[in-house]
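See below for the structure under consideration.
Ligands are counted one by one from 1 in listed order, and the atoms in each one are counted from 1 as well.
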Amino acid sequence: MRIDILTLFPSMFEGVFQESIIKRAIQEKKVEINIINFREYSTLNNHQVDDTPYGGGAGMVLRCEPLVSAIESVKKENTKVYLMTPQGVPYKQELANSLAKESHIVLVCGHYEGFDERIKNFCDGEISIGDYVLTGGEIPAMAITDSIVRLLPGVIKQESYESDSFQGDLLDYPTYTKPYEFRGYKVPEVLVSGNHQKIREWREQARIENTKEKRRDLLDFKEVE
Ligand code: ADE
């Protein structure tokens, strides 16, 4: 899979993709990630990428031309292009699962300012990572890339993400490691019983209990007591 990220701040991505699981996925060619500075696509003398809004008002607006040229320079037949905006569809695990099946996605990051509305005609959708406003789309693009890369075949063990929080609309079950007792807090007995059937049942039930307690909204459409 290939992920292209269009940004005015490429150096923000240094480090994030050069550690741990994402770094290994890149080295093992499970994913190719390109960070592209769309300022280079501006044909204006000073490489200006924004301008004042028609109708007046505060702030600057990202111009169509550099962004659309950058999008068109990377776009192929099966490419999906998404704008990072707080007005986009709320990003959920389900969308991560479906994006992980694409062969090529482009994530477009604005910064400080809004996009010229017409840019949306050259994109397949808008994505928001939550109901809050960030200074730019870079952190959303990092979060989305991370959530996709870990789902790609061979990046992490399938068992590791099958019970992930949100897979199947449930939160994950609680996990414990040694020591058995820490400052009076013990590990649930069943986990040291060696009975794998019982452990599976306990974990399934724990996912439901955990979700009921912390994220009732995820169960609202299900018949759960
Ligand atoms: N850009 C600024 N805030 C954002 C958000 N919450 N999600 C996606 N892109 C954004």
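Residue contact check for ligand 1: Gly136 places a non-hydrogen atom closer than 4.0 Å to it. Note on ligand 1: Ile127 sits in its first shell, one or more heavy atoms being nearer than 4.0 Å.
Heavy atoms only, all atoms of each residue included: Ile71 and Phe122 are closest at CG2-O, 4.0 Å. The shortest non-hydrogen separation linking Arg24 to Val155 is NH2-O, 3.0 Å.
The neighbour count for Gln48 CD, taken as heavy atoms of other residues, nucleotides or ligands under 6.0 Å away, is above 12.
The protein non-hydrogen atom at the shortest distance from atom 3 (N) of ligand 1 is Leu134 N, 3.0 Å. Scanning the protein for heavy atoms near atom 6 (N) of ligand 1, the closest one is Tyr132 O, 2.8 Å. Among protein heavy atoms, the minimum distance from atom 7 (N) of ligand 1 is reached at Ile129 N, 3.0 Å.
Looking at Glu28 and Lys30, a side-chain N of the basic residue comes within less than 4.0 Å of a carboxylate O on the acidic one, giving a salt bridge. Salt bridge status for Lys120 with Glu117: present, with a side-chain N to carboxylate O gap under 4.0 Å.
For ligand 1, the polar-atom distance check finds an N/O of Gly130 within less than 3.5 Å of one of the ligand's N/O atoms.
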ask   = side-chain hydrogen bond (donor to acceptor under 3.5 Å, both in side chains) between Glu201 and Gln197: does it pass, once the steps are laid out?
value = CA-CA 6 Å; Glu201 285 166 14; Gln197 175 62 21; 2.8 Å; yes

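Connection of Leu171 to Trp202 is not established within any shared hydrophobic cluster, with ILVMFWY side chains joined at heavy-atom distances below 4.5 Å, either directly or through further cluster members.
At a 4.0 Å heavy-atom cut-off, ligand 1 touches Pro140 through the side chain alone. Contacts of Thr85 with ligand 1, taken as heavy-atom pairs under 4.0 Å, involve the backbone alone.
Atoms of ligand 1 lying under 4.0 Å from at least one heavy atom of Met84, given by number and element, are 8 (C), 9 (N).
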